[in-house]
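Structure first, then comments.
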Amino acid sequence: MISIDNTALAANWQKLQGMVKGEAAAVVKANGYGLGIGNVAPVLRAAGCKTFFTAHGTEAAALRPHVPDATIITLHGIKPGQAALFKEFNIIPALKSHEDLKEWQGPAWLHVDTGMNRLGFAPNDVPHYENALGIMSHFACSDEPQHFMNVQQLKAFRAVRAGFPQLKASLCNSSGIFLGEANHFDLVRPGVALYGVNPT
């Protein structure tokens, strides 16, 4: 039987929030990293977390009853035919492709590939989407503080963000937070660090 220390979970989020000037969200994908989305999300919301990230829309819909007043964003965009689901549960997709743009016309973040080699808009192909709320990317090697990719991705992300100065920006996962303030921007997205995994 697994015992979850809710006090430690809340303290982990508060520790990370205290490290940044902007907002610390919480990634609760994969059913709260296996701990149960219905277990961890209310604890994080009570601790002060206002924004939650899931991988997909179905996860976000399952999350909504547990955090009815929170912002929920999907990291992997929106699948074909899911627009009604996203509207019903007030879910915000992080759009990653022009196919996503065909599925969704509401508020969204834009996901840019700066070197993670995951799905995302190329830095020179980010659309000027009128309903965009923010722009994000993801570190590939932030658990290795001296890795050259960290500097390259930060430079690439800054260049993209310069074209969208009105939007919020988010680059850091758990490990990225520990790379320093220059990487934090407006919103950080801790995942594994919330659940007791050493992010460095």
Side-chain angles (χ1 to χ4, degrees), residues 4-79 82-96 100 103-112 120 129 131-139 166-177 184-197 199:
I4 302 172
D5 188 338
N6 289 340
T7 301
L9 175 63
N12 287 344
W13 178 83
Q14 289 167 342
K15 169 80 172 180
L16 295 166
Q17 176 62 78
M19 294 176 62
V20 301
K21 292 182 179 179
E23 179 185 356
V27 179
V28 294
K29 64 182 181 180
N31 195 26
Y33 285 76
L35 299 180
I37 203 168
N39 296 323
V40 301
V43 173
L44 293 165
R45 182 68 189 93
C49 184
K50 298 177 181 178
T51 302
F52 292 81
F53 284 85
T54 65
H56 304 288
T58 51
E59 287 183 331
L63 170 62
R64 174 55 73 197
H66 302 291
V67 288
D69 62 339
T71 297
I72 302 177
I73 304 169
T74 57
L75 291 166
H76 296 303
I78 182 170
K79 293 182 179 179
Q82 284 193 327
L85 177 77
F86 275 63
K87 291 177 182 177
E88 178 182 356
F89 290 95
N90 191 21
I91 303 165
I92 299 172
L95 304 178
K96 64 190 185 315
D100 282 357
E103 292 290 329
W104 187 250
Q105 288 78 46
W109 281 62
L110 302 174
H111 197 154
V112 184
Y129 179 64
N131 291 318
L133 303 173
I135 190 163
M136 70 170 68
S137 192
H138 195 290
F139 277 117
Q166 78 282 10
L167 300 184
K168 290 185 177 181
S170 178
L171 177 60
C172 287
N173 53 358
S174 289
S175 301
I177 296 171
H184 293 166
F185 295 96
D186 304 299
L187 179 74
V188 297
R189 311 184 307 272
V192 294
L194 296 172
Y195 309 104
V197 177

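Values below: all heavy atoms of this structure, side chains included; hydrogens, waters and symmetry mates excluded.
In this structure, CH2 on Trp109 lies 5.5 Å from CD1 on Ile73, to the nearest 0.5 angstrom. Expressed to the nearest 0.5 Å, how far CD of Gln14 lies from CG of Leu9 amounts to 9.5 Å. Remark: Leu85 CG to Ile78 CD1 distance equals 8.0 Å, nearest 0.5 Å. Here the straight-line distance linking atom CG of Leu63 with atom CD1 of Ile37 works out to 4.0 Å at 0.5 Å rounding. Here the straight-line distance linking atom CG of Leu133 with atom CD1 of Ile92 works out to 5.5 Å at 0.5 Å rounding. Atom-to-atom distance recorded for His66:NE2 and Ile72:CD1 is 10.0 Å, nearest 0.5 angstrom.
Contact record, Val27 with Gly191: CB-CA, 3.9 Å, taken as the closest heavy-atom pair. In terms of heavy atoms, Ser174 sits closest to Ala193 at OG-N, 3.1 Å. Heavy atoms only, all atoms of each residue included: Lys29 and Leu75 are closest at CD-CD1, 4.5 Å. Looking at every heavy atom in both residues, Tyr129 comes nearest to Gly106 through OH-O, 2.6 Å. Between Lys50 and Arg45, the closest heavy-atom pair is CG-NH1, 4.2 Å. Nearest heavy-atom pair, Asp100 versus Ala94, reported as atom, atom and distance to 0.1 Å: OD2-O, 4.3 Å.
Side chain of Ser137 to main chain of Leu171: no donor-acceptor pair is present (N/O by atom type, distance under 3.5 Å, no hydrogens or angles). A side-chain donor-acceptor contact under 3.5 Å links Glu59 to the backbone of Ala55. Not one N or O on the side chain of Thr51 forms a donor-acceptor pair closer than 3.5 Å with the backbone of Thr71. A donor-acceptor contact shorter than 3.5 Å is absent between the side chain of Ser170 and the backbone of Met136. A donor-acceptor contact shorter than 3.5 Å links the side chain of Asn131 to the backbone of Gln105. Side-chain N or O atoms of Thr74 include none that pairs as donor or acceptor with a backbone N or O of His76 at under 3.5 Å. Arg64 places a side-chain N or O within donor-acceptor distance of the main-chain N or O of Phe89, the cut-off being under 3.5 Å. Between the side chain of Glu88 and the backbone N or O of Ala83 there is no donor-acceptor pair closer than 3.5 Å. The main-chain N or O of Ala24 is found under 3.5 Å from a side-chain atom of Trp13 such that the two form a donor-acceptor pair.
Looking at Thr58 and Lys79, their side chains never come closer than 4.5 Å, going by heavy atoms from C-beta outward. Ser175 has its side chain out of reach of Phe139: every pair of non-hydrogen atoms, C-beta onward, lies at least 4.5 Å apart. Looking at His184 and Ile177, their side chains come closer than 4.5 Å, going by heavy atoms from C-beta outward.
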- [ ] Please report the C-alpha distance between Asn173 and His138 in whole Å, then the side-chain angles of each, then the deciding distance to 0.1 Å, and finally whether the side-chain contact (heavy atoms from CB on, under 4.5 Å) criterion is met.
- [x] CA-CA 7 Å; Asn173 53 358; His138 195 290; 3.3 Å; yes
- [ ] Apply the test side-chain contact (heavy atoms from CB on, under 4.5 Å) to residues Leu16 and Val188: give CA-CA distance (whole Å), side-chain angles for both, the deciding distance (0.1 Å), then the verdict.
- [x] CA-CA 9 Å; Leu16 295 166; Val188 297; 6.0 Å; no
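For residues 25-53, the ring pair (Phe, Tyr, Trp, His ring centres under 6.0 Å) pairs, not counting sequence neighbours, are Tyr33-Tyr195.
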